[in-house]
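Each chain gets a letter, A, B and so on, in the order its sequence line appears, and its residues count up from 1. Hydrogens, waters and symmetry mates play no part in the numbers below; they use all other heavy atoms, side chains included.
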Number of protein chains: 2
Amino acid sequence: MVESILESLKTAGKKLTKPRKALLEILESSPLPITAAEVYARLRKGRHAIDLVTVYRNLAMLQELGLVNPVGLHEGQMRYEVCHGREHHHHIQCRGCGLIVDLLLCPIKKLTDLVERQTKFAIEGHALEFVGWCPQCR
Amino acid sequence: MVESILESLKTAGKKLTKPRKALLEILESSPLPITAAEVYARLRKGRHAIDLVTVYRNLAMLQELGLVNPVGLHEGQMRYEVCHGREHHHHIQCRGCGLIVDLLLCPIKKLTDLVERQTKFAIEGHALEFVGWCPQCR
DNA sequence: TCCTAATTGCAACTGAGCTGCATTTAGCAC
DNA sequence: GTGCTAAATGCAGCTCAGTTGCAATTAGGA
């Protein structure tokens, strides 16, 4: 289990319960963003069945603490990935098979300044997702 | 009513029914992306009440024909805007009041080539959305 | 060990969006 | 204009993601 996450939880006055520990292990072991339902399913397969509501509540809490990233690929459900030790990045998803690949790049920083000047918004975040056809499906 | 839309519908063998005409008028008169529920509500206020299902089905069809653009701001529902006569563009939304502003820029073309080379995907589209605080709410 | 705030599980709910089916309608051929 | 047929509509009921209220449980500091 990643130390920095445990510390952040402690600092925020959060308890390290069994369900929470099991959920964090699933999240950390997932190489790509994962849905709440998938987390729930994997927990059921293992011997750590926890309620789906608990999954949702924990994901929301972890997101609020900035420990997990929501990834919205417009599939009708959200995905989540742990932030720890990962560069800020984006995703590309295949229209055919749903395959998701990380993109280790983000050219948006300069653009953000431009948009802030243009709109007078204080920009807090951005989302950049590509869709297309993967080598198998194209 | 925009001619090019009517032509596209005819070419695709789609009928120009009263509900469809009313929906198109609402869409065309909306300066910013609008949700299905909002379309439905405006139609009810006017004298052209149509079923919410009809709204969904028409939006899906128009999207398939490439006549409207889906805008996913992760609000828990989709928004739609007519493409006709509009530059390809992106959006910024205020976390406070939900205000949406068009951004008349898209620096993603060069990036797309890079991502295609890097991932071997055939890229079909991309989504770029900013969130932040508008001048009133910041 | 005790205590309390945090957390959990359950059940019931909300809200977006979809499906099946019988009925209606646009728009073409005559 | 009339008749015809495929397309479109409205209704009812459904699915699926995610949330809420509440009583019961638990982590972890005093």
Partner set under side-chain contact (heavy atoms from CB on, under 4.5 Å) for A:S8, not counting sequence neighbours: A:L67

Nearest heavy atoms of A:F130 and A:L103, plus distance in Å: CD1-CD1, 3.7 Å

Within this structure, what is the CE-to-C1' distance between A:M78 and D:dT19, rounded to whole angstrom? 15 Å

Go through the side-chain N and O atoms of B:E81 and B:H89 and say whether any donor and acceptor fall under 3.5 Å apart. yes

Compare every heavy atom of B:W133 with every heavy atom of B:C94, then report the nearest pair and how far apart it is. SG-CA, 3.9 Å

How does protein contact run along nucleotides 21-30 of chain D, one letter per nucleotide 5' to 3', with B for base contact, S for sugar-phosphate only, - for none, heavy atoms under 4.0 Å? B----BBS--

So for the helix from C:dT1-D:dA30 to C:dC30-D:dG1, with five pairs setting each end axis, what is the inter-axis angle to 10°? 30°

Can you confirm whether the side chains of A:E3 and A:H84 place a donor and an acceptor under 3.5 Å from each other? no

Below 4.0 angstrom, which residues in residues 34-52 of chain B have at least one non-hydrogen atom near DNA chain D? B:I50, B:D51

Between C1' of D:dA17 and CG of A:L73, the distance in whole Å: 16 Å

Boundaries of the chain A footprint along DNA chain C (any atom under 4.0 Å from a heavy atom): C:dA5 to C:dA11

Atom of B:V71, atom of B:P33 and distance for their closest heavy-atom approach: CG2-CB, 3.9 Å

Cluster question for you: counting only ILVMFWY and a side-chain heavy-atom cut-off of under 4.5 Å, with indirect links fine, are A:I34 and A:V53 together? no

Verify same cluster id: B:V131, B:M78 (apolar side-chain graph, 4.5 Å): no

Any donor-acceptor N or O pair under 3.5 Å, side chains B:H90, B:H126: yes

According to a hydrophobic-cluster definition based on side-chain heavy atoms being under 4.5 Å apart (Ile, Leu, Val, Met, Phe, Trp, Tyr only), do A:I100 and B:I123 belong together? no

Can you list the residues that meet the side-chain hydrogen bond (donor to acceptor under 3.5 Å, both in side chains) rule with B:D102, with sequence neighbours excluded? B:R86, B:H91

I need the OH-C1' distance between B:Y56 and D:dA8, as an integer number of Å. 19 Å

CZ/A:R42 to CD1/A:I26 distance, rounded to the nearest 0.5 angstrom? 6.5 Å

Which atom pair, heavy atoms only, marks the closest approach of B:L52 to B:A36? CD1-O, 4.1 Å

